[in-house]
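Down below is the structure, laid out as structure tokens.
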Amino acid sequence: MKMKLLLISAIMGALTAITAAAEDLNPTFSPDSTFVAFTRDNDLWVKNVASGEETRLTSDGTETIMNGYASWVYYEEIFGRPSKYRAFWWSPDSKTIAFYRFDDTLVPMFPIYSPFGQDGTLRRTHYPKAGERNPEVRIGFASVEDAGIVWADFDEKEDQYFGTPFWGADSKTLYVSREPRIQNTLDLYAVKAQDGSKRQIYHEQVPTWLDWIEGMLFTEKGLYMVRSFETGWQQIYFLSYDGLTLKRLTDGPNWRIQLLKADKNGTVYFIAERDSHVRKNVYKVTKKGKITPLSDLSMNVLAAEFTEDGKHFKTMESNLKTPWQQREYDLKGKYKVLEGGEETAAEGSGELVSITVDGLELPGVIIYPEGFDPEKKYPVHVDIYGGPDSPMVHDRWINPSRYQWFRENGIIELIADCRAAGHNGREGLDAIYKHLGTVEVDDFVEWAKWLRSLPYVKADKIGVEGFSFGGTMTTLLVTTASEYYPYGIAGGGVYDWTLYDTHYTERFMSTPQDNPDGYNDTAVIRRVKDYPGEYGSDKVMLKLTHGTGDDNVHFQNTLQLMDVLQRQGSAFEFMIYPDGMHGYRGYQGAHDTKASREFWLRYLKSEDGKFTR
């Protein structure tokens with residue numbers, strides 16, 4: 001069965017309709033729009049747009065050998081889900097396609113069962129869990145002209161990862177970053193497409209872990225990149241293509257840098273959290289290192305883009321008191337509002353708060369109930385995540401409807417971050433290395449202590465909720481610190497780090513072989529023995545939820561945790577979503593919302609078994 005895929009070609013101003021088989025994946029035009037590349041049955045193909053002729057570039061694709069189509073762990077953790085598994089890249093001159101060849105033969109297969117239909121079905125995914133075998137990867141160059149393949153000079157038998165590559169402007173060189181299995185070293189190689197030979201042009205090593213080089217700016221002589229190995233914060237560096245020049249441009253407490261533009265004078269424009277670590281702003285740095293803010297420091301910039309003349313840039317920005325605005329700035333920082341809301345003191349928009357733990361400032365946002373009276377006492381709902389470099393707290397507009405239900409029902413809302421969120425640079429992040437879920441729990445306990453110090457908080461009515469990593473944290477808080485968080489809803493959590501994928505887990509935990517004590521000490525299923533939840537009592541209660549189709553954090557996690565809780569006779573609540581993925585949508589999302597609200601009314605608002613509002 002065929003499906004029509006309309007691909008637009010700019011050649012001669014014409015539109016070319018290309019028919020692609022249903023199994024053809026990720027059709028991608030060459031830069032000159034004369035060819036379209038795609039994968040079919042795990043082989044890489046190319047099609048001539050004008051003649052319709054198809055050429056098969058690889059021929060060994062199987063269920064476990066994939067050319068130009070990513071193995072699951074690369075799709076999830078390196079290329080990202082927006083890649084749709086695409087693992088091939090056109091050269092700028094449209095003559096060569098670089099691609100990754102994945103061999104999943106030795107990667108364990110994880111089955112995911114679907115109950116629908118008379119007999120059900122199994123989805124088979126080669127998913128490497130911590131300590132298990134990763135896919136073997138080769139990097140190839142396919143010639144569109146003669147279908148010849150050149151292989152890059154890397155040994156696919158080494159235990160390693162490759163980042164997303166990028167082509168040089170001359171189409172002769174592919175730049176490939178590589179990390180070993182223990183992700184504390186990064187090397188950047190220039191690989192010649194003609195013969196596959198490689199040359200190292202950059203090396204970096206730290207005691208903990210490194211992130212990939214992403215979001216670079218390319219110039220004629222080299223590239224600008226963001227790294228955090230030197231000062232404890234992110235800085236902007238210039239690296240020449242031959243690797244002989246490495247120059248740092250910035251200093252100071254920068255984080256979440258996004259490079260925007262580099263001009264011919266060596267001035268680089270960028271977005272960063274710098275003057276505040278809950279707000280991002282636009283800055284410029286000269287080649288001599290002078291940094292100047294260009295946007296309103298009281299606002300938080302979500303995105304910025306330069307106009308075609310390069311003399312202005314447009315932003316989308318807000319703060320907790322100001323709804324989203326689009327502004328246009330000149331390069332001296334003067335602006336005009338193009339569209340969007342004006343400043344408002346809307347009730348329920350939230351206020352920034354913070355606590356200090358071990359000398360680190362941890363931010364939060366508190367939202368008060370309707371008709372808040374500081375002379376009365378209120379229950380609290382705490383919203384958390386807790387994962388590495390993944391903050392929940394920003395000084396940006398929150399649609400009042402998001403937390404309106406809590407406000408209407410007399411519940412204080414607190415959005416809180418821990419030291420791992422990234423607000424304190426590498427110092428906060430490195431503290432979690434090899435022991436995920438330890439100091440983070442301590443930080444969230446400090447938030448509960450702060451709440452209990454407030455005269456208007458009911459100390460025994462503090463609930464916590466999170467999903468994914470937030471589900472892991474929520475479960476740990478209710479089971480190990482129930483005197484502070486007696487109630488919680490944990491969705492889609494990892495409850496033993498040996499059950500999650502290699503690349504993510506080992507970045508922060510190293511391997512189970514290298515760090516056996518860390519894995520043993522941090523496994524939730526081995527930390528819940530003192531959970532005091534009892535049937536017949538409403539003093540403590542944990543609710544677990546999970547989607548059975550979750551291909552990211554497997555339902556296996558929650559099943560193993562449930563088994564432990566059942567063996568020790570603990571009381572808990574549970575909701576599964578058949579075929580639900582990592583996040584509930586549609587009717588499942590609506591059900592989850594209603595069920596969660598009922599849970600919070602029962603445990604935060606009940607007095608002697610009756611709901612109060």
Side-chain angles (χ1 to χ4, degrees), residues 78 161 163-164 166 175-180 182-190 199-219 221-262 266-293 358-361 388-391 419-434 439 506-508 510:
I78 297 178
Y161 298 101
T164 303
F166 54 93
Y175 293 90
V176 179
S177 51
R178 175 194 177 277
E179 291 185 358
I182 306 297
Q183 300 167 51
N184 63 353
T185 303
L186 182 144
D187 292 290
L188 181 63
Y189 292 92
R199 177 171 50 86
Q200 183 193 67
I201 64 171
Y202 179 73
H203 174 78
E204 185 178 329
Q205 188 168 359
V206 298
T208 54
W209 75 87
L210 289 165
D211 294 319
W212 294 106
I213 302 174
E214 297 177 327
M216 301 79 74
L217 293 177
F218 302 100
T219 70
K221 295 182 178 180
L223 60 89
Y224 293 98
M225 63 182 183
V226 178
R227 308 304 296 156
S228 63
F229 67 91
E230 190 175 8
T231 67
W233 296 92
Q234 289 182 346
Q235 308 300 342
I236 300 173
Y237 292 83
F238 175 81
L239 174 67
S240 61
Y241 291 127
D242 59 14
L244 298 178
T245 300
L246 178 67
K247 179 183 178 182
R248 175 158 59 89
L249 278 71
T250 57
D251 206 343
N254 311 293
W255 207 250
R256 289 180 230 294
I257 296 179
Q258 299 169 254
L259 301 178
L260 297 174
K261 173 188 173 184
T267 297
V268 177
Y269 299 86
F270 63 99
I271 298 174
E273 292 176 359
R274 178 177 171 86
D275 288 271
S276 165
H277 290 289
V278 292
R279 288 189 296 275
K280 294 189 292 186
N281 288 100
V282 178
Y283 297 85
K284 71 175 181 180
V285 58
T286 66
K287 62 182 179 181
K288 294 184 179 181
K290 182 181 179 181
I291 300 176
T292 305
D358 295 336
L360 303 175
E361 185 177 5
D389 209 15
S390 301
R419 72 187 69 192
H423 300 291
N424 294 277
R426 295 289 330 197
E427 182 180 0
L429 284 162
D430 288 347
I432 68 173
Y433 187 55
K434 291 191 174 183
V439 294
E506 294 170 8
R507 188 188 322 163
F508 311 116
S510 190

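The first residue in the sequence is number 1, and the count goes up from there.
- The aromatic ring centroids of Y224 and F270 lie 6.0 Å or more from each other.
- The shortest heavy-atom contact between V285 and I236 is CG1-CD1, 4.4 Å.
- Side-chain N or O atoms of Y241 include one that pairs as donor or acceptor with a backbone N or O of T219 at under 3.5 Å.
- Between W209 and F508, the ring planes lie perpendicular to each other; the angle is over 60°, past the 30° to 60° tilted range.
- Using modelled atom types, one side-chain atom of H423 and one backbone atom of H277 make a donor-acceptor pair closer than 3.5 Å.
- Scanning both residues, T185 and P180, for their nearest heavy atoms gives O-CD, 3.1 Å.
- Panel note: side chain T208, backbone D430; no donor-acceptor pair is recorded below 3.5 Å.
- The minimum heavy-atom distance between G163 and I78, with the atom names listed, is CA-CG2, 4.0 Å.
- Annotation for P391 and R256: closest pair CG-NH2, 3.4 Å, computed over non-hydrogen atoms.
- Of the N and O atoms on the side chains of Q200 and Y202, not one donor lies less than 3.5 Å from an acceptor on the other residue.
- Inter-residue side-chain proximity for E230 and Y237 is flagged as met; some heavy-atom pair is nearer than 4.5 Å.
- A distance of 9.0 Å separates CG in D187 from CD in Q205, rounded to the nearest 0.5 Å.
- In this structure, a donor-acceptor pair under 3.5 Å is present between the side chains of N254 and R274.
- Between E273 and R279, none of the side-chain N atoms (NZ, or NE/NH1/NH2) sits under 4.0 Å from a carboxylate O, so this pair counts as no salt bridge.
- For D275 and Y283, the side-chain atoms include at least one donor-acceptor pair closer than 3.5 Å.
- For the pair L188/V176, no side-chain contact is recorded, criterion being any heavy-atom separation below 4.5 Å from C-beta on.
- Scanning both residues, L429 and A420, for their nearest heavy atoms gives CD2-O, 3.0 Å.
- In plain terms, the two heavy atoms of L249 and F238 that are nearest each other are CD1-N, 3.9 Å.
- The pair R227-D211 does not count as a salt bridge, with every side-chain nitrogen at least 4.0 angstrom from each carboxylate oxygen.
- For the residue pair W255 / D389, a side-chain donor-acceptor distance below 3.5 Å is found, with atom types taken as modelled.
- Residues Q234 and S228 bring no donor and acceptor atom of their side chains to less than 3.5 Å of each other.
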request  = Could you walk me through whether L217 and V268 pass side chain to side chain contact (heavy atoms under 4.5 Å, CB included), step by step?
outcome  = CA-CA 9 Å; L217 293 177; V268 177; 4.3 Å; yes
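- Of the possible polar contacts, one joining the D242 side chain to the L244 backbone as a donor-acceptor pair under 3.5 Å is found.
- Residues Q235 and T231 have side chains that bring a donor and an acceptor to within less than 3.5 angstrom of each other.
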